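Structure, as structure tokens:
Each chain gets a letter, A, B and so on, in the order the sequences are listed, and its residues count up from 1. Since the model is a prediction, treat every value here as computed from it, not as a measurement.
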There are 4 protein chains.
Amino acid sequence: MKRRIDTATRIILAAEALFAEQGFTETTMRQITAEADVNLAAVNYHFRSKQGLVNAVTERLMEPLCDEIEVALADRLASSSNIQLEELLEMLMRALLHVNQQNTFSLSVFMRLLELAYMKNQEELRDFFVSRYAPRLESYLRCLQADAAPMEENEFFWRLHFMLGAVVFTLSNYHTLLILEKRSFKDSAEIEQILHRMIPVLTAGLQARAENNYFCRL
Amino acid sequence: MKRRIDTATRIILAAEALFAEQGFTETTMRQITAEADVNLAAVNYHFRSKQGLVNAVTERLMEPLCDEIEVALADRLASSSNIQLEELLEMLMRALLHVNQQNTFSLSVFMRLLELAYMKNQEELRDFFVSRYAPRLESYLRCLQADAAPMEENEFFWRLHFMLGAVVFTLSNYHTLLILEKRSFKDSAEIEQILHRMIPVLTAGLQARAENNYFCRL
Amino acid sequence: MKRRIDTATRIILAAEALFAEQGFTETTMRQITAEADVNLAAVNYHFRSKQGLVNAVTERLMEPLCDEIEVALADRLASSSNIQLEELLEMLMRALLHVNQQNTFSLSVFMRLLELAYMKNQEELRDFFVSRYAPRLESYLRCLQADAAPMEENEFFWRLHFMLGAVVFTLSNYHTLLILEKRSFKDSAEIEQILHRMIPVLTAGLQARAENNYFCRL
Amino acid sequence: MKRRIDTATRIILAAEALFAEQGFTETTMRQITAEADVNLAAVNYHFRSKQGLVNAVTERLMEPLCDEIEVALADRLASSSNIQLEELLEMLMRALLHVNQQNTFSLSVFMRLLELAYMKNQEELRDFFVSRYAPRLESYLRCLQADAAPMEENEFFWRLHFMLGAVVFTLSNYHTLLILEKRSFKDSAEIEQILHRMIPVLTAGLQARAENNYFCRL
DNA sequence: TATGAATGAGCGTTCATTCAT
DNA sequence: AATGAATGAACGCTCATTCAT
């Protein structure tokens, strides 16, 4: 008897939902396989290990994201090489929103993956990200830099991560944040609004004039 | 025979370092007690449970932070009630820097605690934070809002969390980020510089004019 | 590679022996799994928890006991509805003896289970016993009452428990008692003799005329 | 500052209550010292070990019991050397009742001590009982035997333990049994009634004519 | 392709006990 | 006489993984 969707996919979907809610370490393979209604051994069979499953989840999210950004950027660059930050960020948000339409939790788990990748002991996952996706996003980043305030290379590095932090933190925890905001989680319109709210803030952050003088030591 | 520093403190210091590096779930009590060079049972003796240790770590960081911000704000408000965002953020950064001088890892673990508190299943820790520290930080937040761009209450809520995300993400992972920046970790001057870099970015983010029109639906 | 008997059974057999010797709390899962020559985690895999194992042991003993008593009683009631206490008790003893033939320790552990069920904090186990086996033994108990001395309902309740106590205590500790009697434990004939010795004693206890007058207060 | 009752006694009283409710293994020294409101180390200080505390509890119960039985028996034997079982058992019950008046739980814990002493691994406690109290109760037992049905020595041994079992089981669990009887625990009159109910039953059990023929083997 | 059974390692916690004062 | 601190050993249980079918 055939299942409507195959085992590997069922596992990935269940894993995304649980990773988003609980984090990776906190999610057990028993939880994943119970949620997916598959055998406990199926994860190791299909993905070799729990880490293998994490990588699979990563790919399933990053590939279409990179694809969409690359295509959108290429299209836009065809008409003009001058793109404003607002437009670039809207491109990104659109792509994130499409990822989120795969299923409810994918955006949250995606951001948690980025969080994880920056942890000290996750050099392997970090290398996976860098080697696989850094080249594909390079031209997008160069466009960002072009419309940001003029600044040294390392200043831009930090600004980028400030902004990445804002996005990752917010989207990792938007379920909690919506509750704190005293509004109940209704539909994906919520997430669209949050993404939209970010654009002017991120733009301003990247365009702010850098300070040159330290605040006095203590 | 007396130890130079008492057992409970040794445990907290070891826990901070390991929590900062690995996260909470990933850090085991055997790692902590081995690092602190104390008996495994000592954690339960002094803190009742692993979660009790997490709470103790939280308090040890939050209390002086709140104290310093409260004092600094009161001092400054004595001379004038108009304070610019840059100055307010400098207050915050100074306080964070002082926390960090307790020991090398405290700032990182502090930020990870905030991360943790926003996770879905950590309602208990979140309530602990909110009930204990939200009131003490309220007047500081009102000052921030006073010099931010005019905006609705919920817009300010989200901006605040974008900024919180930037800070938390960066400081949780600054060890990794320093490595990525191809500079080795040298001394606390690094962290001071990062904190300083944030001020104009966060200021610009809070002062950016809010967009009123959605980007068109997809 | 197949074992001669399957893991779950090996665990139950080992548990019975150790429970009989040492009691439940005093028996550790490491003792059980070492005795059964299986992995420590196997108990949790097959029975979910230590308590789950206790329940499994209970069922394995109570089910055939109830079955045998029910069948024997039905057979006997077919020929006549008047059954003497001696015969009823012989039925019980026979059933207990059959349980004991499953393996050497089962009778002892069985009685210890009853002991445990009457402890204050074991309401759960007690309820399990009552709900599952009380109905199946009801008609047997009614037959006992029919040939006992005439007495009020609550007097019968207490007599029954005096008798239950005699049986439980003796059979829980018969290994010790045999040693105290200065005879070494040889074979199952011993236990058969003990069971037989009980019949006239229990009969007399149930048929004794109840006293109506208190002994004078002190 | 002096306490009204000294530490050692406070510990014993707390231990009796908890042992009666939960059993020995199930009762921890933390529970005992918390209940007694004394330091955790006090048990080891006053009684050397947990087993030492068990022995102390035993002595505190057995000494007055033996004293009372010895005195009562000597008094009665002064007037006549022929004593009926009912009267002998009433002596015992009276003594037990006095023990119970020390405090509410003492009778229950006393019976549990006897239970424990008959367990396989408790040879030490058993030897303590036998060497210390068997001689003092010998003449009482000879009187019992004198009015029991004529029987061989080993038959009497077993009968005695059947009866001991009835008493121990009932009194160990009388709190539970009172609940099962659907009557709430009110006062010590309950226990007096139970003890009274036992007399004719135990008498009949000891006086029953022994069967000489086995029930046919199966 | 898939799974029930099993496993070694390790988890947080609790135990009775001892030590230093 | 008494106690706060500390400890080694062991507890029941769960982990990701592997194996045999």
Side-chain angles (χ1 to χ4, degrees), chain A residues 1-3 6-8 11 24-33 38-54, chain B residues 1-3 6-8 10-11 24-33 36-53, chain C residues 1-3 6-8 10-11 24-33 36-53, chain D residues 1-3 6-8 10-11 24-33 38-53:
Chain A
M1 191 178 61
K2 275 280 176 69
R3 279 217 187 75
D6 74 336
T7 301
I11 291 172
F24 301 95
T25 313
E26 293 83 357
T27 299
T28 70
M29 303 196 44
R30 274 169 183 77
Q31 288 177 317
I32 295 168
T33 51
V38 301
N39 185 273
L40 170 62
V43 172
N44 290 93
Y45 178 75
H46 286 284
F47 304 99
R48 289 189 57 85
S49 70
K50 191 182 181 184
Q51 184 60 45
L53 173 58
V54 171
Chain B
M1 189 178 62
K2 271 282 177 66
R3 278 217 188 73
D6 75 334
T7 302
R10 294 170 66 82
I11 291 171
F24 301 95
T25 312
E26 294 83 355
T27 299
T28 71
M29 298 189 50
R30 279 165 180 81
Q31 287 177 319
I32 294 169
T33 51
D37 196 26
V38 301
N39 186 276
L40 170 61
V43 173
N44 291 95
Y45 178 75
H46 287 284
F47 305 100
R48 294 188 59 88
S49 67
K50 190 183 180 185
Q51 182 61 45
L53 174 57
Chain C
M1 188 179 62
K2 269 282 176 68
R3 279 217 187 74
D6 75 336
T7 301
R10 293 169 68 83
I11 291 171
F24 302 95
T25 313
E26 294 82 356
T27 299
T28 71
M29 298 187 51
R30 279 165 180 82
Q31 287 177 319
I32 295 169
T33 51
D37 196 26
V38 300
N39 186 276
L40 170 60
V43 173
N44 291 96
Y45 178 76
H46 286 284
F47 304 101
R48 295 188 61 86
S49 68
K50 190 183 180 184
Q51 183 61 45
L53 174 57
Chain D
M1 191 179 63
K2 274 281 175 66
R3 279 218 188 76
D6 74 335
T7 302
R10 293 169 67 81
I11 291 172
F24 301 95
T25 312
E26 294 82 357
T27 299
T28 70
M29 303 196 44
R30 272 168 184 79
Q31 288 177 317
I32 295 169
T33 51
V38 301
N39 186 274
L40 171 62
V43 173
N44 290 94
Y45 178 74
H46 286 284
F47 304 99
R48 290 190 57 86
S49 70
K50 190 183 181 183
Q51 183 60 45
L53 174 57

Considering only [options], which nucleotide approaches the side chain of [X] most closely?
{"X": "C:R30", "options": "F:dC11, E:dT13, F:dA6", "result": "F:dC11"}
{"X": "C:N44", "options": "E:dA2, F:dT14, E:dA6", "result": "F:dT14"}
{"X": "C:M29", "options": "F:dC15, F:dC13, E:dC15", "result": "F:dC13"}
{"X": "C:H46", "options": "E:dT13, E:dA5, E:dT18", "result": "E:dA5"}
{"X": "A:A41", "options": "F:dA10, E:dT3, F:dG8", "result": "E:dT3"}
{"X": "D:S49", "options": "E:dT17, E:dA16, F:dA16", "result": "E:dT17"}
{"X": "C:N39", "options": "E:dT14, E:dA16, E:dT7", "result": "E:dT7"}

Side chains of [X] and [Y] in contact at under 4.5 Å (non-hydrogen atoms):
{"X": "A:N44", "Y": "A:M29", "result": "yes"}
{"X": "D:N39", "Y": "D:T33", "result": "no"}
{"X": "D:V43", "Y": "D:V38", "result": "no"}

Could you state the interatomic distance from OG1 (C:T28) to CD (C:Q31), rounded to the nearest 0.5 Å?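 One finds 3.5 Å between OG1 of C:T28 and CD of C:Q31.
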
Specify the separation, in whole Å, of atom [atom1] of [X] and atom [atom2] of [N].
{"X": "A:E26", "N": "F:dT14", "atom1": "CD", "atom2": "P", "answer": "17 Å"}
{"X": "A:Y45", "N": "F:dA16", "atom1": "OH", "atom2": "C1'", "answer": "19 Å"}
{"X": "C:D6", "N": "F:dA20", "atom1": "CG", "atom2": "C1'", "answer": "16 Å"}
{"X": "D:I11", "N": "E:dA16", "atom1": "CD1", "atom2": "C1'", "answer": "14 Å"}
{"X": "B:F24", "N": "E:dC11", "atom1": "CZ", "atom2": "P", "answer": "17 Å"}
{"X": "C:L40", "N": "F:dC15", "atom1": "CG", "atom2": "P", "answer": "14 Å"}
{"X": "C:K50", "N": "E:dT13", "atom1": "NZ", "atom2": "P", "answer": "20 Å"}
{"X": "D:F47", "N": "F:dA2", "atom1": "CZ", "atom2": "P", "answer": "11 Å"}

Would you say the side-chain atoms of A:K50 pair up with the backbone N or O of A:F24, donor to acceptor, closer than 3.5 Å?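 Such a contact is found between A:K50 side chain and A:F24 backbone.
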
Pick base, sugar-phosphate or nothing for A:T33, based on heavy-atom distances below 4.0 Å to the nucleic acid.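 Touches nothing.
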
Indicate, with a heavy-atom threshold strictly under 4.0 Å, whether D:T25 touches base, sugar-phosphate, or nothing.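 If one applies the 4.0 Å heavy-atom cut-off, D:T25 turns out to touch nothing in the nucleic acid.
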
Considering Watson-Crick and G-U wobble pairs with both distances under 3.5 Å, what does E:dT18 pair with?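 F:dA5 is the nucleotide pairing with E:dT18.
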
Most 5' of B:A8 and C:V43 on DNA chain F, judged by nearest nucleotide: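 This one resolves to B:A8.
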
Below the 4.0 Å mark, does F:dA5 have OP1 or OP2 next to a side-chain nitrogen or oxygen of B:T7?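 Checking B:T7 against F:dA5: no side-chain N or O falls below 4.0 Å of OP1 or OP2.
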
